[in-house]
Amino acid sequence: MRYHSTRGASAPVPAVQALLSGAAKDGGLFVPESLPSRQAIGPLGPGYGDVAVRMLAAFFPEVVTEQVAAQLQAAYARFDAAGVTPLVPVGGSFVLELFHGPTAAFKDLALQALPLLLARARELASPDLRYAVLTATSGDTGSAAMEGFRDIPGFSVLVYYPMKGISPMQQAQMTRMPGDNLKAVGIRGNFDDAQAAVKDAFQQQEALLPPGMALTSANSINIGRLVPQMVYYITACRELTQKHGVQPGQDIDFIVPTGNFGDILAGYLVKRLGWPIGRLVCASNENRVLTDFLATGRYDKNRALRTSLSPAMDILVSSNLERLLYYAFLEDTHKVQALMADLARDGHYQVSGPALSHIQEHFQGASATDGDTLTAIRQVFGEYRYLMDPHTATAWLAQEALGPSRNPRVVLATASPFKFPKTVLAAINKPVPKDPAQLLPSLEAAAGQPVPRALAAVLTRPVRHRDLVDREDILQDITWRLAAW
Ligand SMILES: *Cc1c(COP(=O)(O)O)cnc(C)c1O
């Protein structure tokens with residue numbers, strides 16, 4: 001199994017190298033030279049961990065040793081829910097809860113696995129190098145990466161998060177995270193600023209790294225993040241036929257709260273492998289670049305980024321869309337490279353013809369305002385006693401885009417409502433306490449469900465990371481921190 005760049009200008013590399021380098025040298029993203037067949041993947045065992053091990057072994061055969069397989073099983077066994085990702089019937093649809101990991105967001109499903117894969121890849125390829133896991137976060141990746149890489153030998157994590165937009169709970173999860181190999185830095189800017197600086201650092205890494213150190217990425221540009229995310233689409237399809245009377249082979253629609261396009265792309269890959277996935281609905285907030293793109297084929301980032309109630313989706317440049325373009329253009333890397341050059345130069349590009357038809361056959365978009373999001377949280381709680389976080393609520397609303405489709409519907413729930421207690425309390429018309437320490441208990445009482453274990457202790461930990469930088473200074477900040485490590 002080898003991997004090459006979506007832009008085609010760098011040589012194919014083995015899985016180990018694709019995992020360790022994160023992105024390709026030509027600025028593109030790694031994709032497998034060919035996807036494994038269902039037959040090559042083989043029969044899937046009954047548990048979530050069994051499916052994860054099979055899928056990861058199919059994509060990264062040399063990395064998933066018996067020891068790594070056991071570590072993966074143990075990591076998923078620590079999730080706080082039976083079956084890891086429970087499928088909950090809500091008002092005629094199903095909500096797939098992806099937030100029962102150690103940081104209460106769906107990022108845990110990949111970031112509990114990725115460090116295990118990278119640690120093994122490092123042993124195989126470069127045991128003498130120390131790796132800096134350089135990460136831009138829109139809120140949830142940072143804490144999930146810190147949690148996943150804590151105390152993994154040979155790896156240190158450096159996270160940049162925007163001061164604007166993320167929730168106080170998300171910020172506290174990072175700034176209060178214990179672990180000697182972890183660092184979180186706030187930036188006076190937004191997620192795109194953080195992501196752009198991190199991409200620059202990757203491009204200039206030869207000049208910027210001290211000897212003995214290498215860079216790797218925990219963002220969803222890393223192919224090692226995408227494959228673990230394929231697992232829950234597969235287990236959800238299986239559970240629907242086994243427990244909810246869905247006929248085998250019946251198409252199932254998935255509605256996905258989308259930011260960097262990694263989560264939904266994993267669903268598309270599962271569909272390409274032959275699972276019965278119908279439409280993939282890409283839910284956005286008012287930052288509706290993807291909604292417009294899916295409707296018209298014109299991707300245009302030339303607009304102001306708005307901070308919204310669903311901060312993990314406040315993104316103008318969705319990196320993983322590049323992988324969809326690669327498949328939509330029938331793996332024509334020249335075409336992808338040309339479009340990415342347009343994006344870099346003009347801030348927009350246009351897709352048309354068969355490629356656009358392909359994209360529109362599988363995907364559709366929908367965007368929700370903050371007002372709609374609050375209303376959806378209130379209505380769904382009122383009618384079904386089911387509490388959604390603001391990201392999940394955008395996906396709940398995006399079901400409307402499906403019109404009268406009779407396929408079963410799965411709405412991906414990407415974060416616990418307890419990560420956004422202020423927003424959720426306000427949405428369900430409950431008083432929002434001034435004292436931050438009272439937010440979780442208030443929501444617990446209002447919702448009639450306990451605070452997730454993952455969040456209960458966060459505010460009692462001491463603050464460990466207070467540093468802030470201006471967005472112009474991120475690259476310099478990265479340089480000196482790496483030199484100091
Ligand atoms: C990261 C995140 C998303 C967006 O996922 P992408 O893979 O970036 O599209 C949605 N919701 C939550 C809560 C997230 O943390």
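All heavy atoms count here, side chains included; hydrogens, waters and symmetry mates do not. Numbering of ligands and ligand atoms starts at 1, following listing order.
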How far apart are the C-alpha atoms of Ile315 and Asn287, what are their side-chain angles, what is the distance that settles it, and do they pass the side-chain contact (heavy atoms from CB on, under 4.5 Å) test?
-> CA-CA 7 Å; Ile315 294 180; Asn287 296 295; over 6 Å; no
Are any of the N/O atoms in Thr414 less than 3.5 Å from those in ligand 1?
yes
message = Is there a polar contact between ligand 1 and Asn260, counting only N or O atoms under 3.5 Å apart?
response = yes
Does Arg306 come within less than 4.0 Å of Asp370, counting only side-chain N to carboxylate O?
no
Test the Arg385-Phe381 pair against the cation-pi criterion, namely NZ or CZ under 6.0 angstrom from the six-membered ring centroid and within 45° of the ring axis. yes
Might you work through the side-chain contact (heavy atoms from CB on, under 4.5 Å) test for Asp140 and Thr103, ending with a clear yes or no? CA-CA 8 Å; Asp140 292 323; Thr103 71; 5.9 Å; no
The atoms of ligand 1 lying under 4.0 Å from a heavy atom of Phe261, numbered in the order shown, are 6 (P), 8 (O), 9 (O)
- Heteroatom distance test (His391, ligand 1): nitrogen or oxygen, under 3.5 angstrom: no
Nearest heavy-atom approach of Gly101 to Ala454 is O-CB, 3.6 Å
Numbered in order shown, the ligand 1 atoms found under 4.0 Å of a heavy atom of Ala415 are 13 (C)
Going by an N to O cut-off under 4.0 Å, is there a salt bridge joining Arg7 and Asp26?
no
Original post:
Between the side chains of Ser308 and Asp314, does any donor sit under 3.5 Å from an acceptor?
Top reply: yes
So the atoms of ligand 1 within less than 4.0 Å of a heavy atom of Asp140 turn out to be 12 (C), 13 (C), 14 (C), 15 (O)
If you scan protein heavy atoms around atom 14 (C) of ligand 1, the nearest is Lys107 NZ, 2.8 Å
Gly262 heavy atoms within 4.0 Å reach ligand 1 at atoms 6 (P), 7 (O), 9 (O)
One finds that the ligand 1 atoms under 4.0 Å from a non-hydrogen atom of Pro257 are 4 (C), 10 (C)
Open item on the list: Is it true that, when you exclude Arg238 itself, more than 12 heavy atoms of the residues, nucleotides or ligands shown sit nearer than 6.0 Å to its CZ?
Closed with: yes
When you look at CD of Glu400, are more than 12 heavy atoms from neighbouring residues, nucleotides or ligands closer to it than 6.0 Å? no
So the atoms of ligand 1 within less than 4.0 Å of a heavy atom of Thr258 turn out to be 9 (O)
Check your understanding: Within the structure, does Ala312 bring an N/O atom to less than 3.5 angstrom of an N/O atom in ligand 1?
Key -> no
Legend entry - Nitrogen or oxygen of Asp263 less than 3.5 angstrom from that of ligand 1: yes
of all protein heavy atoms, closest to atom 9 (O) of ligand 1 is Gly259 N, 2.7 Å
* Non-hydrogen atoms of Phe106 versus ligand 1: any pair closer than 4.0 Å? -> yes
